[in-house]
> 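I'd like to ask some things about the structure below.
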Amino acid sequence: DTTPSGAAALKPQTPSTDIRLLQSAIRNIDRQAREGLGNIGAIAYVSMRWLETPDAYQGNGSILHTILGLLQERADYALDLIGNAADTVGCSEPDKHKLRCWAAVRAARNGAA
């Protein structure tokens, strides 16, 4: 039986370096997700309030274009931050779009050579 007994069994274990790295990555992902989603939520909230006004229906499509652009920018930024934090501990999901873009870059360079 290899079960620890006595005082050794009650002694708290010091987290390993790997666990501390994972904890740090999770905290970063949590912070970045909250910030990014909070920004998106705030933009959506203000947009919804704007849509409750007559000004929203006066044919000013540029404001809607700006709002959608901000939402896309904040979402992309949050995705990059979260992906980078997960990547630091080897836990990121590959971005298939970026992989296809890099493959196209390599193909263009090989074809241009």
Side-chain angles (χ1 to χ4, degrees):
D1 185 16
T2 60
T3 306
S5 60
L10 298 176
K11 183 178 178 183
Q13 299 295 315
T14 303
S16 72
T17 301
D18 288 343
I19 290 174
R20 285 193 299 268
L21 287 172
L22 288 172
Q23 289 170 332
S24 176
I26 291 168
R27 279 191 294 276
N28 285 335
I29 290 168
D30 178 59
R31 180 178 43 79
Q32 292 161 355
R34 288 174 187 274
E35 179 182 330
L37 294 173
N39 289 335
I40 291 168
I43 294 167
Y45 176 81
V46 170
S47 300
M48 294 299 290
R49 299 299 71 83
W50 176 70
L51 288 171
E52 294 172 357
T53 69
D55 291 342
Y57 304 96
Q58 299 301 317
N60 193 347
S62 67
I63 292 175
L64 186 56
H65 183 268
T66 300
I67 291 168
L68 293 173
L70 284 170
L71 288 171
Q72 181 182 13
E73 178 186 315
R74 294 311 307 168
D76 289 345
Y77 183 69
L79 285 170
D80 284 343
L81 289 176
I82 292 166
N84 289 338
D87 195 42
T88 63
V89 291
C91 295
S92 66
E93 182 68 24
D95 182 336
K96 291 180 173 81
H97 171 69
K98 284 185 182 177
L99 293 175
R100 288 190 303 267
C101 288
W102 281 114
V105 167
R106 283 191 299 277
R109 286 182 180 162
N110 289 338

> Do Arg109 and Arg106 pass the side chain to side chain contact (heavy atoms under 4.5 Å, CB included) test, and can you show the C-alpha distance, the side-chain angles, and the key distance before you say yes or no?
CA-CA 5 Å; Arg109 286 182 180 162; Arg106 283 191 299 277; 5.8 Å; no
> His65: which residues meet the side chain to side chain contact (heavy atoms under 4.5 Å, CB included) condition with it, sequence neighbours left out?
none
> Could you name each residue pair satisfying side chain to side chain donor-acceptor pair (under 3.5 Å) that touches residues 33-43, not counting sequence neighbours?
Asp30-Arg34
> Find out if a path of hydrophobic residues (ILVMFWY) with successive side-chain heavy-atom gaps under 4.5 Å connects Met48 to Val46.
no
> Which residue pairs pass the salt bridge (charged side-chain N to carboxylate O under 4.0 Å, His left out) test with at least one member in residues 48-64, sequence neighbours excluded?
Arg49-Glu52
> Out of curiosity, does Leu51 fall in the hydrophobic cluster containing Ile40 (side-chain heavy atoms, cut-off under 4.5 Å, transitive links)?
yes
> By the rule that ILVMFWY residues connect when side-chain heavy atoms come within less than 4.5 angstrom, directly or transitively, which residues belong alongside Ile19?
none
> Can you list the residues that meet the side chain to side chain contact (heavy atoms under 4.5 Å, CB included) rule with Arg31, with sequence neighbours excluded?
Asn28
> Crowded around Trp50 CH2? As in, over 12 foreign heavy atoms under 6.0 Å?
yes
> Could you tabulate the donor-acceptor pairs under 3.5 Å formed by side-chain atoms of residues 66-85, not counting sequence neighbours?
from: Thr66; atom 1: OG1; to: Ser62; atom 2: O; distance (Å): 2.9
from: Asp80; atom 1: OD1; to: Lys98; atom 2: NZ; distance (Å): 3.0
from: Asn84; atom 1: ND2; to: Asp80; atom 2: O; distance (Å): 3.2

> Treating Ile, Leu, Val, Met, Phe, Trp and Tyr as nodes and any side-chain heavy-atom pair under 4.5 angstrom as an edge, say whether Tyr57 and Leu64 lie in one connected cluster.
yes
> Atom CD1 of Ile63 and atom OG of Ser47: how far apart are they, to the nearest 0.5 Å?
10.0 Å
